[in-house]
Amino acid sequence: MTVQHAPARTATRRPSRPGRPATAPGRSGRYRALRSPVRLTAAVVVVLLFVSPIYLTIVNAFKTEDAIVANPAAPPVHPTLGNLATALGRPDQLIQLGLRNSLIVVVCSVLLLIPLGSAFSFWISRRRTRPRAVILAVLAAGLMIPRRRSCCCRPSGS
């Protein structure tokens, strides 16, 4: 009785991505090293673009009107609560009304969406039918396709 051994495996390089040839060991490292500072810079720019309006709003809420006009991006040298007191002391109570309406909408939405969303997601996870595929496709399309907005910025037809 002879025992046959499996042939020894030789070390072969696998391609980094399917369908693409493997690159030399030094090239991918250099490419990644060059790409990461660009990505980091782009990420910082995007974060600053999203955070700057929030920063300006908070900083300017604690400055006088003259300080805002002089330098809107500077932090308040002499912080004041005058703007907040003026906004909260309006006779029409616009801020309080907006906060109350927002709270009502949020509470009602959460009270409806949690049980309905849970039941629907349970139902859709258990089904393997054609309607399930259609529903998932519609949900995915709703996430991918931008909705058309009607805004006052468009020129009128007249």
Side-chain angles (χ1 to χ4, degrees), residues 14-20 22-23 28-158:
R14 291 183 182 172
S16 59
R17 293 183 189 147
R20 293 189 178 185
T23 57
S28 69
R30 274 186 274 143
Y31 177 68
R32 195 175 304 137
L34 289 175
R35 190 174 59 182
S36 62
V38 173
R39 280 187 172 181
L40 180 63
T41 305
V44 167
V45 167
V46 168
V47 167
L48 288 176
L49 285 174
F50 278 94
V51 172
S52 61
I54 299 168
Y55 168 77
L56 289 173
T57 303
I58 292 172
V59 163
N60 290 328
F62 297 104
K63 290 197 280 190
T64 62
E65 191 173 339
D66 295 333
I68 294 171
V69 171
N71 193 355
V77 178
H78 303 289
T80 179
L81 295 176
N83 293 337
L84 298 174
T86 303
L88 291 174
R90 289 177 56 143
D92 59 358
Q93 295 188 340
L94 187 64
I95 302 294
Q96 293 88 340
L97 183 65
L99 289 173
R100 188 190 73 208
N101 290 343
S102 297
L103 184 66
I104 291 170
V105 168
V106 166
V107 168
C108 291
S109 298
V110 168
L111 289 176
L112 282 173
L113 285 175
I114 288 178
L116 291 177
S118 299
F120 184 69
S121 62
F122 179 77
W123 178 81
I124 213 162
S125 68
R126 298 291 182 204
R127 308 259 321 190
R128 300 279 184 236
T129 61
R130 188 168 189 78
R132 173 187 183 260
V134 170
I135 291 170
L136 289 177
V138 168
L139 290 173
L143 293 173
M144 291 185 280
I145 300 172
R147 109 184 133 104
R148 185 176 175 198
R149 295 184 189 179
S150 61
C151 73
C152 59
C153 304
R154 277 190 264 159
S156 62
S158 57

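Side chains included, hydrogens not; waters and symmetry mates left out as well; all remaining heavy atoms used. If you read the sequence from its start, that first residue is 1, and numbering goes on from there.
Here the side chain of R127 pairs no donor or acceptor atom with the backbone of R132 at under 3.5 angstrom.
With values rounded to the nearest 0.5 angstrom, T86 atom OG1 is found 11.0 Å from I95 atom CD1. Between the CD1 atom in I114 and the OG atom in S109 there is a gap of 10.5 Å [rounded to 0.5 Å]. To the nearest 0.5 Å, atom OH of residue Y55 and atom CG of residue N60 are 8.5 Å apart. To the nearest 0.5 Å, the span separating CG on N83 from OG1 on T64 amounts to 8.0 Å. Taken from CD in Q93 to CG in L99, the straight-line distance is 11.5 Å, to the nearest 0.5 Å. Distance check, rounded to the nearest 0.5 Å: OG1 of T80 to CZ of F62 gives 9.5 Å.
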Would you please test I135 and L139 for side chain to side chain contact (heavy atoms under 4.5 Å, CB included) and show each step? CA-CA 6 Å; I135 291 170; L139 290 173; 4.1 Å; yes
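In this view, V46 and F50 satisfy the side chain to side chain contact (heavy atoms under 4.5 Å, CB included) rule, not counting sequence neighbours. Residues forming a side chain to side chain contact (heavy atoms under 4.5 Å, CB included) with V138 (at least two apart in sequence, or on another chain): V134.
Contact detail for P115 and V110: the closest heavy-atom pair is CD-O, 4.2 Å. Across every non-hydrogen atom of K63 and N71, the tightest pair is NZ-O, 2.8 Å. Nearest heavy-atom pair across P76 and V59 is CD-CG1, 3.8 Å.
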